[in-house]
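For this chain, numbers begin at 1 and follow the sequence in order. Counting starts at 1 for both ligands and their atoms, in listed order. Hydrogens, waters and symmetry mates are skipped; everything else that's a heavy atom, side chains included, is used.
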Amino acid sequence: MEYKLIGPEHYEEVIDHLRRNFFADEPLNKAAGLCQKGFGNSELEHHSLETLKDQLSLMAVARSEGPGQTGCKIAGVILNGILRPGDTVLALQKLQASSDINFKKIFELLYNHNLKVDLFGRFKVDRIFDVRILSVDANYRGQGIAKELVKHAESLAGKRGFRLLKADATGIFSQKILRSHGFELFAEQLYSKYTDAGGQVVLAVEAPHIKLQLLTKKVSPDESDV
Ligand code: ACO
């Protein structure tokens with residue numbers, strides 16, 4: 001398995017990977033019924049592409065060798081973006097214009113949860129390495145690829161001079177993976193307690209995923225480049 005930075009030439013393949021894996025499988029997307037496996041979602045694709053433009057995203061590439069041919073396939077990705085003060089307030093404002101009610105439900109939860117805390121003030125930083133999407137192809141899961149992607153992302157964050165990583169971990173497995181890398185719990189929200197004005201649960205997330213966790217990790221900067 002090779003771990004490398006995602007460049008613009010890979011964007012199409014990355015989006016295709018997300019359509020076949022993350023868009024339908026991620027716990028909140030699944031609860032909201034965001035899209036069927038293999039199908040696209042324009043809002044989430046836009047969100048992913050905007051994140052890719054920050055040039056902090058990585059992919060795990062599997063090489064296959066058959067008789068007379070070699071091939072490459074994206075086995076997993078970690079999409080990371082730069083988060084600056086005011087970004088989440090702006091994103092929440094922009095979200096109001098979205099006509100995709102399922103996308104809105106998911107991102108209102110994420111953005112409002114983030115707005116309850118002040119990571120910039122608490123950690124005295126002016127930019128955060130934001131781990132936004134962690135996704136492994138269903139055929140490659142359970143082989144430690146997500147763990148490796150997190151390890152490489154953390155190393156990249158250090159090399160690019162970031163002092164803080166954060167992630168909104170939406171399911172029990174991403175929470176376990178990030179905690180095993182030293183991420184610490186900063187805030188959490190039980191899905192069963194996230195209700196609308198009428199007391200109805202907004203996102204009926206399937207067990208074993210019961211809560212959203214905002215996790216953080218401090219990093220030491222590394223001078224070398226990737
Ligand atoms: N059942 C039981 N344990 C699991 C499972 C599972 N389905 N998935 C991962 N784990 C455990 C592993 O056992 C392992 O624990 P261990 O080190 O104690 O043995 C640990 O989690 C790490 O497993 P990896 O093999 O590194 O994880 P994998 O490569 O399979 O990827 C991932 C995990 C990314 C969650 C994958 O299942 C996936 O793509 N899911 C759909 C998308 C998603 O939910 N992404 C995370 C959302 S949060 C975010 O993106 C910031």
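Considering Leu215, Leu214, Asn114 as possible partners of Phe186, the one that fulfils the side-chain contact (heavy atoms from CB on, under 4.5 Å) test is Leu214.
Note on residues 8-17: pairs passing salt bridge (Lys or Arg N to Asp or Glu O under 4.0 Å), not counting sequence neighbours, are Asp16-Arg20.
Qualifying side chain to side chain donor-acceptor pair (under 3.5 Å) partners for Asn102, counting only residues two or more places apart in sequence or in other chains: none. For Thr170, the side chain to side chain donor-acceptor pair (under 3.5 Å) test picks out Glu26, with sequence neighbours left out.
Near ligand 1, residues Phe22, Asp25, Glu26, Pro27, Val131, Arg132, Ile133, Leu134, Ser135, Val136, Arg141, Gly142, Gln143, Gly144, Ile145, Ala146, Lys147, Asp168, Thr170, Phe173, Ser174, Lys176, Ile177 each place a heavy atom inside the 4.0 Å sphere around the ligand atoms.
Other residues, nucleotides and ligands place no more than 12 heavy atoms under 6.0 Å from the CD atom of Glu184.
Asp25 and Lys37 are joined by a salt bridge, as a carboxylate oxygen and a charged side-chain nitrogen come within less than 4.0 angstrom of each other.
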